[in-house]
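For clarity, every value in this text was computed on a predicted model and none was experimentally measured.
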2 protein chains.
Amino acid sequence: MEHNLKEFFDKALKEVSLDCTVFGFHEGELKVLLLRWKGTDGWSLPGGHILLDESADDAANRILTQRTGLCDIYLQQFYTFGNVNRYVYHPEKELLEQLEVTFGKGFFDGIIFRRVVSIGYYALVEFAQVQPTPDWFTDECRWWSLADVPHLLFDHNEMIERALKALRQHARNHPIGYNLLPEKFTMPELQRLYETILGRPFDRRNFQKLLMSYDILERLDEKRVGAANKSPYLYRFVKEKYDKAKAAGVSFSM
Amino acid sequence: MEHNLKEFFDKALKEVSLDCTVFGFHEGELKVLLLRWKGTDGWSLPGGHILLDESADDAANRILTQRTGLCDIYLQQFYTFGNVNRYVYHPEKELLEQLEVTFGKGFFDGIIFRRVVSIGYYALVEFAQVQPTPDWFTDECRWWSLADVPHLLFDHNEMIERALKALRQHARNHPIGYNLLPEKFTMPELQRLYETILGRPFDRRNFQKLLMSYDILERLDEKRVGAANKSPYLYRFVKEKYDKAKAAGVSFSM
DNA sequence: TTTCAATGCGTAAATTTTACACAAAGAAAA
DNA sequence: TTTTCTTTGTGTAAAATTTACGCATTGAAA
């Protein structure tokens, strides 16, 4: 195993890594995908290194395909973390000891815990489509509600904070939802997504008016049935119009 | 010289570099600082490598202090360029030959023309305060009007494009001018800065109303004299209020 | 059959943004 | 000295956008 790792590193950039904040939306909450390091209770973001013949964007896609089972993931680079001690930092001494028990003392000093600059990406995925899959360092990969995210390894809490900020900034100037919602959804569901990301409530009549004014949604002749209330219409994004609006930019003026 | 370079590289990250688009404002135009490589007519952005005990931000500051003579420069990281061939690419074969004549054949293969990821920063500086200073690779450092920027080495034209986009985005959501204008300036001068950055004209009455509504400007009892017209008032930014507005964000709604 | 929570739909008020004109200053030209 | 020319300082009305808000209907659950 360690041998494989060394082989991999010979084909990869050593001083640069990347980490991804994968956002999903489920039951009215934003979730992020986290990995638990083998034999420890230390969690971190999915990430990895860039191969020598691979662009940073390709590497992020490759890594997330392995973690989620999806391909062509919506990815956005948002910040590069270049502090000196960002990778050396770890909150609890005991955790380092746990890691040393699992991976061997000194193992990380040469390979993981060196000075590394990390490129931060965030990804938007359809929650239900993801198959969370641990990597070689970890034995658990699962969703966490943004509100419940524990103290993470390295500077990964800061990464999530910045990723969320970048996502919010994006949501204020572009349509959002195509990558986070299933194909068909109701207007209240879309509204709840916006409310969750931007962190405040909207008037549902004004919300509907604004979203429809973007001319990116198509109302279907179907309704969502089963709930104890009036059945809401289903909508779907018209991809071409959505892409055009995203490229041109819209201002979410609420 | 080559010896010094190797010594430097032993104390620096080799697979990561950074490049800075330094914006200045002069005679109603945006300018960028460019360097001409020794013995060639190839131009590039100022940049360099990060020392092992130095953060990326510190490195950008150190490098720009050397190029401009300024300290505490306003710097904003905007994108990290991670394509495979970004550093190998060069537009003209003859230029590579020129470089090989000056620096020796094969010299760059091992040190400069390797796979490098580059962190992009833009800087905003007061044009008149800058002392353009070449570095070891270059024998000329000077301002270029944005419109006249030639075909640059590597992917540096793309970097300037992205930097400008990032600056525009910033200008739409934050006050701007403190770092680009001299201490005292007239309202028309400030307006011309906004028009130059955002690339379109504004009504001067509405512009003044909007900028004054930010409550970041103080009108002085002085006027700019000498021009063949009515003497305009001088203004200056009230630093504390400017900083507060920048942190909170304002929307430039014109 | 009744209840209850959520949906669908439209208008009026408030706020923000845009459009626009004329008198005064000051150097340059006559 | 006078005239010319360019640029500045200032306010209001119209248009557009954003916000606030109520009632009838649906459909499962009580």
task = For B:Arg204 and for B:Asn229, locate the closest nucleotide of DNA chain C by heavy-atom distance; then report the residue assigned to the nucleotide nearer the 5' terminus.
result =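 Nearest nucleotide further toward 5': that of B:Arg204.
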Other residues, nucleotides, ligands: >12 heavy atoms within 6.0 Å of B:Lys165 NZ =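 Counting neighbours around NZ of B:Lys165, 12 or fewer heavy atoms of other residues, nucleotides or ligands fall under 6.0 Å, so no.
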request  = Tell me what A:Met254 touches on the nucleic acid: a base, only sugar-phosphate, or nothing, going by heavy atoms under 4.0 Å.
outcome  =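 If one applies the 4.0 Å heavy-atom cut-off, A:Met254 turns out to touch the sugar-phosphate alone, with no base involved.
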task = Kindly confirm or rule out a cation-pi arrangement of A:Lys239 over A:Tyr178, judged by NZ or CZ under 6.0 Å from the six-membered ring centre and within 45° of its axis?
result =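 Yes, a cation-pi geometry.
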ask   = Has B:Lys31 got its NZ or CZ under 6.0 Å from the middle of the six-membered ring of B:Phe23, at an angle within 45 degrees of the ring axis?
value =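 Judged by the rule, B:Lys31 and B:Phe23 form no cation-pi pair.
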task = Could you tell me whether B:Arg36 and B:Asp139 make a salt bridge, using a distance below 4.0 angstrom between a side-chain N and a carboxylate O?
result =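 A salt bridge links B:Arg36 with B:Asp139.
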query = When you check the gap from the basic side-chain N to the acidic O, do B:Glu218 and B:Lys241 get nearer than 4.0 Å?
reply =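 No salt bridge links B:Glu218 with B:Lys241.
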ask   = Less than 3.5 Å between a donor and an acceptor, one on the side chain of B:Arg205 and one on the base of D:dG9, is that the case here?
value =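 Check fails, no donor-acceptor contact within cut-off.
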ask   = Between the base of D:dT7 and the side chain of B:Lys230, is there a donor-acceptor distance below 3.5 Å?
value =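 No, no donor-acceptor pair under 3.5 Å.
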task = Please list residues of residues 207-226 of chain A whose heavy atoms come under 4.0 Å from any atom in DNA chain C, ordered by number; otherwise none.
result =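 Nucleic-acid contacts, sorted: A:Lys209, A:Arg219.
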key: Ring geometry between A:Phe252 and A:Tyr194 (parallel below 30°, tilted from 30 to 60°, perpendicular above 60°)   =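 The arrangement is parallel - the two ring planes meet at less than 30°.
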task = Indicate the ring-plane relationship of B:His170 and B:Tyr122, choosing parallel, tilted or perpendicular according to the 30° and 60° boundaries.
result =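 Ring orientation of B:His170 relative to B:Tyr122: perpendicular.
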Distance in angstrom units between [X] [atom1] and [N] [atom2], rounded:
{"X": "B:Phe202", "N": "C:dT17", "atom1": "CZ", "atom2": "P", "answer": "13 Å"}
{"X": "B:Tyr233", "N": "C:dG26", "atom1": "OH", "atom2": "P", "answer": "10 Å"}
{"X": "A:Leu234", "N": "C:dT7", "atom1": "CG", "atom2": "C1'", "answer": "13 Å"}

key: side-chain N/O A:Ser231 vs D:dT26 OP1/OP2, d < 4.0 Å   =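 False: A:Ser231 side-chain N/O out of range (4.0 Å or more) of D:dT26 OP1/OP2.
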inquiry  = So if I take the C1' atoms of five pairs at each end of the helix from C:dT1-D:dA30 to C:dA30-D:dT1 and get each local axis, what angle do the two axes make, rounded to 10 degrees?
reply    =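 Both end axes considered, the difference amounts to 0°.
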ask   = Closest nucleotide of DNA chain D for A:Asn206 versus for B:Asn206: which of these residues is on the 5' side?
value =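 Going by which nucleotide is closer to the 5' end, it is B:Asn206.
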key: Between B:Tyr233 and B:Asp221: side-chain donor-acceptor atoms closer than 3.5 Å   =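 No donor-acceptor contact under 3.5 Å links the two side chains.
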request  = Show the numbers, then the answer: is there a side chain to side chain contact (heavy atoms under 4.5 Å, CB included) between B:Gln208 and B:Gln191?
outcome  = CA-CA 8 Å; B:Gln208 168 148 352; B:Gln191 180 173 346; over 6 Å; no
